[in-house]
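See below for the structure under consideration.
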There are 2 protein chains.
Amino acid sequence: MLLDFAKGHGTRNDFVVFADPDNLLDLSAGQVAFLCDRRGGVGADGILRAVRANQVPEWSGEPDVWFMDYRNADGSIAEMCGNGVRVFLRYLEEEGLVTGERVSVATRAGLRTGRFLPDGRIAVTMGPATRGSDVRLTVGGDSWPATSVDVGNPHAVAELESDAQLAALDLTVAPAWEPATAFPNGVNAEFVVREAPGHIRLRVHERGVGETESCGTGVVAAAAAAGQSDHCTVEVIGGTLEVDLTGPEAVLIGPAVVVARGTCLLPT
Amino acid sequence: MLLDFAKGHGTRNDFVVFADPDNLLDLSAGQVAFLCDRRGGVGADGILRAVRANQVPEWSGEPDVWFMDYRNADGSIAEMCGNGVRVFLRYLEEEGLVTGERVSVATRAGLRTGRFLPDGRIAVTMGPATRGSDVRLTVGGDSWPATSVDVGNPHAVAELESDAQLAALDLTVAPAWEPATAFPNGVNAEFVVREAPGHIRLRVHERGVGETESCGTGVVAAAAAAGQSDHCTVEVIGGTLEVDLTGPEAVLIGPAVVVARGTCLLPT
């Protein structure tokens with residue numbers, strides 16, 4: 001089967017994205033893995049399949065939007081991805097599948113609303129970011145107080161003193177947390193340095209993945225934990241994002257670009 | 001500028017390949033890096049540009065063939081790549097740019113001859129493989145006698161005792177060699193285990209790169225050092241190759257597949 005796809009990224013979190021309006025392409029885990037295989041396939045962190053929401057049995061909300069079927073590289077189902085949803089919106093826009101400045105998208109985490117900004121960036125609602133209890137994060141021999149933040153998934157955010165300290169962190173192993181009962185399903189760990197008021201630098205260890213160049217929910221969690229401003233600029237390894245915390249839902253603002261379009265033969 | 005490209009791999013050594021018959025696309029290092037960028041671009045180990053040989057000033061040989069302009073991911077020029085040349089031939093064949101069972105290709109290492117085998121694999125001449133002096137390779141606390149082999153580039157091949165010993169090797173750091181004067185420009189290090197007569201298993205550390213899933217010249221060097229048979233099957237992490245040592249030139253035989261075709265906007 002020949003598949004028409006696009007490849008794009010948001011702050012270097014990259015995706016194979018394609019349209020399947022009538023929900024006909026029930027890709028196997030092996031087919032997703034092929035699409036995400038960086039050497040033997042196309043290569044990406046995950047895939048984004050655009051399906052008309054009224055064709056998705058599991059979606060009972062607004063029918064006249066696109067549903068984002070997001071799958072991890074191993075084929076497993078994922079709920080939402082702050083960087084992925086921007087790439088998804090960029091793709092829909094460039095393919096002429098949506099029009100207007102504001103576009104809602106159905107995701108497994110609920111309805112999200114995107115806005116194409118005049119400067120080329122895309123802003124997307126991310127749901128509420130809720131601060132929880134105080135915890136501690138440990139990396140190697142060092143330990144810091146941290147704030148737990150729920151952004152639909154669990155985060156712990158620790159503040160470090162300097163860029164040098166941040167750069168020296170060894171995130172090749174997963175950080176440990178205390179109390180052990182705080183995160184029964186694991187946690188995404190964020191380490192931030194305040195660069196200026198409303199401006200932080202961030203490194204992220206995603207649970208089950210390792211250090212990544214960018215993590216949309218981690219950026220929101222870090223901005224919420226910093227709590228110093230209603231708008232926060234967040235530098236990640238993959239680029240620069242902005243978080244707007246003025247409303248009931250956090251809004252993540254950042255770049256998204258489609259870099260290639262192509263066709264591949266899907267394995268059966 | 002819009003570029004039409006294909007992406008393919010040979011034993012998981014992957015390439016962006018495209019045709020530029022009239023030698024009009026003098027890609028900058030930045031453009032090559034974009035094409036090879038696995039997150040921000042298309043993603044590959046290197047690029048292969050197909051130019052008519054009579055349009056290449058540095059080529060003074062046979063004019064009526066395709067010249068393989070092979071560039072590393074950092075934009076630097078490379079001479080030859082045993083896996084890349086098969087992908088190059090597969091691309092030329094599928095694009096209808098060559099016909100027949102035997103096809104010669106101009107490379108910076110000289111003329112190479114490919115042959116499309118009935119079983120779907122491609123055989124390519126790799127020049128002579130010349131055994132040199134005895135050396136020693138050291139990884140961590142272990143050290144082995146090794147054979148130096150020249151395949152246009154320098155190799156040292158050590159034989160290990162078991163698959164378990166091979167699997168336990170830590171190739172995240174470059175192996176050391178003795179005598180230090182043996183390889184003034186560094187060396188590619190191969191570690192092999194004999195599985196059966198004419199059948200070896202291999203791990204490779206490429207100089208300046210690190211461990212890779214496959215290395216065409218390394219496979220030839222390992223087969224030549226093993227010296228146990230005129231035909232040698234070589235298992236690498238990325239798949240299975242075969243080396244024919246019966247003629248004056250080593251012949252490397254293996255798979256090559258184009259997995260996607262597409263278009264991307266090259267940065268200026």
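Keep in mind that the numbers below use all heavy atoms, side chains included, and drop hydrogens, waters and symmetry copies. Below, read A as the first sequence line, B as the second, and so on, with proteins coming before strands; counting in each chain starts at 1.
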*Which region of F15(A), side chain (C-beta onward) or backbone (N, CA, C, O), has a non-hydrogen atom less than 4.5 Å from a non-hydrogen atom of chain B, or is it both or neither?*
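Contact with chain B involves no heavy atom of F15(A) at all.
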_For chain A, which candidate among L3(B), L2(B), V42(B) shows the most heavy-atom pairs at distances under 4.5 Å?_
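So the answer, after comparing L3(B), L2(B), V42(B), is V42(B).
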Under 3.5 Å, what donor-acceptor pairs does chain A form with chain B?
unit_1, atom_1, unit_2, atom_2, d
K7(A), NZ, R38(B), O, 3.1
K7(A), NZ, G41(B), O, 3.0
R12(A), O, R39(B), NH1, 3.1
R12(A), NH1, D37(B), OD1, 3.4
R12(A), NH1, D37(B), OD2, 2.8
R12(A), NH2, D37(B), OD1, 3.1
D37(A), OD1, R12(B), NH1, 3.4
D37(A), OD1, R12(B), NH2, 3.1
D37(A), OD2, R12(B), NH1, 2.8
R38(A), O, K7(B), NZ, 3.0
R38(A), O, R38(B), NH1, 2.7
R38(A), NH1, R38(B), O, 2.7
R39(A), NH1, R12(B), O, 3.1
R39(A), NH1, D45(B), OD1, 3.0
R39(A), NH1, D45(B), OD2, 2.6
R39(A), NH2, D45(B), OD1, 3.1
G41(A), O, K7(B), NZ, 3.0
D45(A), OD1, R39(B), NH1, 3.0
D45(A), OD1, R39(B), NH2, 3.0
D45(A), OD2, R39(B), NH1, 2.6
R261(A), N, T263(B), O, 2.9
R261(A), O, T263(B), N, 2.7
T263(A), N, R261(B), O, 2.7
T263(A), O, R261(B), N, 2.9

*Quick one: which of G262(A), G40(A), G43(A) has the most heavy-atom pairs under 4.5 Å with chain B, could you say?*
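Among the listed options, the one with the most contacts to chain B is G40(A).
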